[in-house]
Amino acid sequence: MTHPYIPNAEPGVRAEMLAAIGAASVEDFYADIPPELRLDRPLDLPEPFVAEHDLVRHMRSLLGRDTGTDEALSFLGHGCYPHHVPAVCDEVNSRGEFLTAYAGEPYEDHGRFQALFEYVSMMAELLEMDVVNVPTYDGFQAAGTALRMACRHTGRAKVLVSGAVAADKLSKLRDFLSPDIEIVQAPVDSGGEMGEVVLDDTFAAIYLETPNVYGVVETRGRELAELAHAHGALLVVSADPISLGVLAPPAAYGADIACGDIQSLGVHQNHGGGQAGYIATHDDELVAQFPSRLFGIAPTTVPGEYGFGDVFYERTSFALREEGKEWVGTAAALWGITAGVYLALMGPQGMREVGETILARTRYAMDALAGAGLRVLHDGAVHFREFAVELNDAADAAALLDRLRAQGIYGGVPLDDRTILVCVTERHSIADIDRLAAAVASARRADDEGGRR
Amino acid sequence: MTHPYIPNAEPGVRAEMLAAIGAASVEDFYADIPPELRLDRPLDLPEPFVAEHDLVRHMRSLLGRDTGTDEALSFLGHGCYPHHVPAVCDEVNSRGEFLTAYAGEPYEDHGRFQALFEYVSMMAELLEMDVVNVPTYDGFQAAGTALRMACRHTGRAKVLVSGAVAADKLSKLRDFLSPDIEIVQAPVDSGGEMGEVVLDDTFAAIYLETPNVYGVVETRGRELAELAHAHGALLVVSADPISLGVLAPPAAYGADIACGDIQSLGVHQNHGGGQAGYIATHDDELVAQFPSRLFGIAPTTVPGEYGFGDVFYERTSFALREEGKEWVGTAAALWGITAGVYLALMGPQGMREVGETILARTRYAMDALAGAGLRVLHDGAVHFREFAVELNDAADAAALLDRLRAQGIYGGVPLDDRTILVCVTERHSIADIDRLAAAVASARRADDEGGRR
Amino acid sequence: WDEPIIFEQSRPGQRGIAVPGPGAPAVELPDSVRRAAPPALPEMSQLHVLRHYVRLSQESLGVDLNVDVGQGTCTMKYSPKVNDSFARAVAELHPLQHPDTLQGVLEIYWRLERMLAEVSGMARVSLQPGSGSAAIYANIAMIRAYHAARGDERRDQVITTMFSHPSNAACAKTAGYEVITLMPDADGYPDIEALRAAVGPRTAALLITNPEDTGIFNPRIAEFVELVHQAGGLACYDQANANGILGITRARDAGFDLCHFNLHKTFSTPHACGGPAAGACGVSEALAEFLPGPVVAEEDGRFSLVTPPHSIGKIRPFLGVTPNVVRAYAWIMTLGAEGLRQVAETAALNNNYLMHKVLRIPGASAPWDRRRIEQVRYSWQELSEETGVHSEEIGVRASDFGVHYWTSHHPYLVPEPFTLEPTESYSKEDLDEYAAILAHVASEARTDPELVKGAPYNSPIHKIDPTPLDDPRQWAPTWRAYVRKHLA
Amino acid sequence: WDEPIIFEQSRPGQRGIAVPGPGAPAVELPDSVRRAAPPALPEMSQLHVLRHYVRLSQESLGVDLNVDVGQGTCTMKYSPKVNDSFARAVAELHPLQHPDTLQGVLEIYWRLERMLAEVSGMARVSLQPGSGSAAIYANIAMIRAYHAARGDERRDQVITTMFSHPSNAACAKTAGYEVITLMPDADGYPDIEALRAAVGPRTAALLITNPEDTGIFNPRIAEFVELVHQAGGLACYDQANANGILGITRARDAGFDLCHFNLHKTFSTPHACGGPAAGACGVSEALAEFLPGPVVAEEDGRFSLVTPPHSIGKIRPFLGVTPNVVRAYAWIMTLGAEGLRQVAETAALNNNYLMHKVLRIPGASAPWDRRRIEQVRYSWQELSEETGVHSEEIGVRASDFGVHYWTSHHPYLVPEPFTLEPTESYSKEDLDEYAAILAHVASEARTDPELVKGAPYNSPIHKIDPTPLDDPRQWAPTWRAYVRKHLA
């Protein structure tokens, strides 16, 4: 049987084509592969499910072993967030034209160029910066590249990184800034913000996150910008764009580079496969430091018509190989288009409202869990979407989360044996939060009783 | 807040438009509605969920109370069948262009016309008939219209209808053929086929189904065709198109009109919302009797180019109001396009194979349930996809089905207190059938023990 | 795309999908039932099938793509994408599952029935019909059953109006009634004197749309109903044009005994190239016992199916077109009472704004100087007399600009008609754009009528020669017929 | 469609979606963090946003629509729709759920890792990288870690070839290595003498694609690996071009220590306008301890996450691009060993058939008279010298016929290049059609070169003036910048 995905495996057409070419068999095409490199047996792979229905059964059976956040009440965040995904976002990014397009030219792929240009343009409005890249892989990569951009720009090889950064992200930064760039970590102050730092003229950048890994909104951005600038360094700020309807964009307090992840803008959690990174700068010399593609608007031979194309392509490894800036590959463009759809749906009002709702519900959840007897870290700070709670004894975190999971609640991400990071978005109703608090309170009572016994 | 679905409810633009029109308020437009007919209060409707996320929560909560056939092992059929739906069918019929198109002209909707023309053309190949309608609502309507077509054609007002027809379908036929057409029901013979019938020259048609309501494949089609024709009547046969890769099409044994439902061709069960009816004839005088639209191919001003349009539009109520044939409305075109995609994917080979698989598995299931101690009705006949089993005592059927349902098995459709119709398709693996048989056997043992106690 | 007919793309041995093998002994078929030769279906790989249909889809113009105000009476409004996701959630439900496993969907039916009862003022609603026309037919069947139950067998006439949807006349005829059609009076309203002349002991019912397909609301509608009631007939309201009057006026309040809605018009379910659609019948208490069965009943929060005592029986299989029932329910639930009223008011606003623009185009008119609710049947009579260009030709030319354009149902009582219904979904700029297209084409008709008559120029195909479509020797309703008649 | 920029469609007060209200007391923000002015995002109703993007989608050319053989090296193959349905099934999984709630997806990772290990011959595989280039980078990071772990700090050079993907050079440079690029020899093979000259104690690794982007398989590949091994370096195989050799020859069997695959090329996950993609790193036993973490471990049928002891750490957040991992797994599971081999053989067949057709077009050539596996880098040098028409211009003209056309990466070592890779997805008729388009454009170049140079004629836009894109005073990478520079 000819496989539905391989039309020319059909023996008749195969023979016809071989005859046209004048080849005896497909072996002719492989004559350059030495016999000793030829695999002399079939690959050892499972028996295939050729019938689509059999494949569907197999996949459903496997995937049915997962229990997703749609079947539980989830407070998991820590870099992957359960925001509402508008149906129109799914509709657009599942359009076959976008899903299966790739790297065409600005003529036959005009729509792809325009959609990505519009995405970067909407991000630019949100960020108040004039230059935004076509998405890189994720917020980790965006931070790494932003710091390398700062180093290239300043000619320096040391960066001061906030201590309130996720451990995995720091791991990525360490790997990606190796071997030439030194990372100095700043302390976290008692309020959960970046603590006092000492800078000198060997630093290329200060790297700040807001909201940071604890969900704390950093308040001293301007001060840090001034400090950095006084030493000829840059301020690099990682900010989640979904917060920027209510929070000041990094540029507003002097950041030179903004970066972060756009998964919060209309992309499902996708088991972590929905990440995409943005990097933004002013329209200044930093533009030369971007490795990513930048799509710009350009005139055509017809006045008033807009075409699109690559801005300053000669920065890239596509143009210059190792002489380009880092590298550019296939990153996460479709999530950029999706985030554009999200921003267009939300508009200024929607972005403000979602920010206000998240701020209010986060505070409500902090108070509710404090009421349930947990210690809320950095309670005095403004939190956006996340906050950490601390338990009394080591290993309590896992036990509490196990108890909650038994009730269908994914209570949060354990940061360590006694600290849990709780995430609250506009998808969590007040009743959801109350349910979590009640379950926590009851679990703790059970623990206490267990302890007494 | 301006609702996202009603742009011009925005007060600014509303005022602007009213001013342009010269109207004081929208009340001006309603001046023809007398005050006593004006509703003087808001409609009494539930508070809306304006935020999309809130609506999603509400709907998921409601829909979560259903347990679908994807969460159970279902042997339910009886007019709505669980065949495999190829992913490409879903992809095509969820394309916004098709989903939201309607009644455009052959120029801007060329693709819609072509897709429907191709659907009827592929059905024509399957049926070996030259004329097939753009889908009517469902197989019930198709049968009713086919019989009315036969009556109009012959000028007679009596039809002989097989006794092996679903009760609901007979209800529809009774209603739809009222008040002018008399229905005479034929007996069912011991083999499950249409029994001996007496015809005279007052009958317009014999109506036969194959496979019939018991899943029995009727074998005397040619004989009935000859009988009908001998009396100047027509043979109308309802046949499920998914069987026609292996079973002879009605035209092959002399049927004048074929009809049926195409839900089996790539359409999900949709809680009964996936039905669509086909009616087919030869290219003869019966064409004049179709109420549905017929799309034909037509030349354009450019040689070799194909356009499309309505064949013999002057038959329809759109053209002639009550002087047209019955009526034509918005029926089920998208399922026609979908069925076309299905037939194109399957091709002649796929249609043969799916038929063979269903035949073999149906027989396997009959043997398995007989082995589990049930009496299989019409065991000697060839069955396609369905068969009936009979239990010893009245009300046993419901009890058995309840027991099976408790194990996650939807065991079949009860035809009456002691008869269950079991449906087996290519989606049911041998293991699924064995599981049903084992569950039946165990339920019956439990019953027996219960009986002994 | 210049996409060939699918049969032209067939290549022997190809296939688009594989099927599970039997896994059990094959069944031998007797010759009498075995298919002799395989059907000549196309043989194509999966990508090729997909590509073909994706290309065809791009050659179709849905609401998602165009300023869809040109298919008047069809109420082409935005069908929210989120509601499609709910419709997909019922894909794997079987209609004959035990009700215990269907409580969610049954509750949605029950709630939507009640909401539509409130919108119409009726006592009970059935969601079984597959479309508006099927709902009209169901209403007629109930009318027939009602009179029959009273032993009132004389009533063999149904009265409708010329600007009511043709299905009112056609369904009544199918159900065995003689149809009397009232023509509009000089004011454009249905002629009440003609009604007086028509009603009598043979009157089974009045079937009437209001506002009619002209967009004109009949202010004497209650009087019409009353006249029919006095004669012993029933009054049945075709609410296909309800989009402009939601929350403004209700069928029952004008005395109607029955009504119907098109869920795919007023309540936003997608038109799907012509279905699946969905209809709703609403009836007064007196007619509730005749509703098609089953309907959903509720007791202590549990939902079950019951068949009304004198049910007319089945109109279609199973309970209804559930995916569309779910969509319509969700649509109302995101709008509420205030939202529905905003829908109506904005539909009326948009229509009157567009009328204001269209009537400024020289050569366009809207016969009868009456107010309009949600649509208008316009006329190019003046332009046509001046230029010789017909409304159909203007429509074909309009398609070159990426929009639909519909003339009207036959007969063309309004000469050189075109019918626009902008609904609440479109912006002022959309309406300006549509009016500008019409103005542009009208001006082309004056300056270069052959340009308009030669259209289309921007379609996958050129002007169609329709003559073979009405000639039995030439027509080809399938490829099979085409090959036989034209290629053999 | 003549679709305006989205900002031009904004209308104050409109919105595309409503957001849940707080339901809890508002939080007052200090001035230092409060946004001062709302962002100037577009304000549009939901239908208008949808319509805009649906129109833009129609102005993009995906695999679903065209004979996508013109984006050579990109392996544009059919991405099965059924696999998208599996990808959607992981949409609501959070990556940090407890592994007990993720057994299905973890098993899929585990199984796919093992299947790719079998396909490559490698011991272990990581599916964490977000793309092929990211996998190349991960491989380089592992190479760096390997040498560092051995205290071998002298190795600061990486060797690659000119016809290997530029990311090999660029990633190596980013990771701190000096890059040595081998040029092809007179036969079109990587120059083994140049390699001999380049290897030495400073050699950290060889990064090489095979077949290269020319489609030529280097028959001395094992010798290349051996030379590098003798010098103490590692050999890393860029398997972006694996589509023609699946089941034919394996990376480890030629001695490689590391390799990578692009799941969006060889294993059919969709290209998504340029990602999300997915990459896989395969390594020998010796390098397994350096793999990015975590990876999936299995014990008694239970799956858990473990981080290799000397892991290089994170390449990206979480476990990998799961939707694509799921798709790639399903793709292999519907093909099996025999199917993968048919993929390879048919990709080679299609490529050689297309080459046979293209080389019959006067003016087209394929430099070096070598066999090709799955793609060919062709040249229009002869045509260009004759007509003055350049390869880029031919590409723009080809787009008028609804297909893509790619020249090659820079620099244009092959003059006037174009690169075609037909994969296994296309039919003979598709290849004939593509070749016919090229032949037609080539003949236009001879008869009417200005016609070709003036293209496009069938695009939403006309020929672009690219000069502002490279001029800092004029470039406008966002609408905001455009307004400031050109509209203010």
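Reminder, nothing fancy here: chain letters follow the sequence lines and each chain counts from 1. Note that the structure is predicted; figures quoted are calculated from it, not measured.
With a 4.5 angstrom heavy-atom cutoff, Tyr107(A) touches chain D via backbone and side-chain atoms both. Heavy-atom distances place both the backbone and the side chain of Phe86(D) under 4.5 Å from chain A. Only the side chain of Arg341(D) comes within less than 4.5 Å of a heavy atom in chain A; its backbone stays farther off. Residue contact with chain A, scored on non-hydrogen atoms closer than 4.5 Å, is absent for Val325(D). If you measure heavy-atom distances from Glu91(A) to chain D, the contacts under 4.5 Å come from the side chain alone. Using a 4.5 Å cut-off between heavy atoms, Ala175(D) touches chain A through its backbone atoms (N, CA, C, O) alone. Neither the backbone nor the side chain of Arg55(D) comes within less than 4.5 Å of any heavy atom of chain A. Both the backbone and the side chain of Ile461(D) come within contact range of chain A, each with at least one heavy atom under 4.5 Å from a heavy atom of that chain. Within the 4.5 angstrom heavy-atom criterion, atoms from both the backbone and the side chain of Leu244(A) approach chain D.
Here Pro25(D) pairs with nothing under the side chain to side chain contact (heavy atoms under 4.5 Å, CB included) rule; sequence neighbours left out. For Pro460(D), the side chain to side chain contact (heavy atoms under 4.5 Å, CB included) test picks out His110(A), Glu59(D), with sequence neighbours left out.
Side-chain atoms of Arg316(D) and Gln275(A), non-hydrogen and from C-beta on, do get closer than 4.5 Å to each other.
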* **Full working for salt bridge (Lys or Arg N to Asp or Glu O under 4.0 Å) between Arg35(D) and Glu128(A)** => CA-CA 11 Å; Arg35(D) 185 175 189 112; Glu128(A) 298 182 353; 3.3 Å; yes

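Here CD1 of Ile337(A) is found 8.5 Å from OH of Tyr53(D). Values are rounded to the nearest 0.5 Å.
Ion pairing between a basic and an acidic side chain is recognised when a charged N comes within 4.0 Å of a carboxylate O; Arg484(D) and Asp130(A) show such pairing.
Taking the six-membered ring wherever Trp is involved, the centroid distance between the rings of Tyr482(D) and Tyr306(A) falls below 6.0 Å. Centroid-to-centroid, the aromatic rings of Phe318(D) and His271(A) stay 6.0 Å apart or farther.
The choice from Gln14(D), Glu43(D), His404(D), Lys173(D) that makes the most heavy-atom pairs within less than 4.5 Å of chain A is His404(D).
Judged purely by distance below 3.5 Å, without hydrogens or angles, the side chains of Tyr137(A) and Ser131(D) pair a donor atom with an acceptor atom. When only modelled atom types and interatomic distance are considered, His3(A) and Gln342(D) share no side-chain donor-acceptor pair under 3.5 Å.
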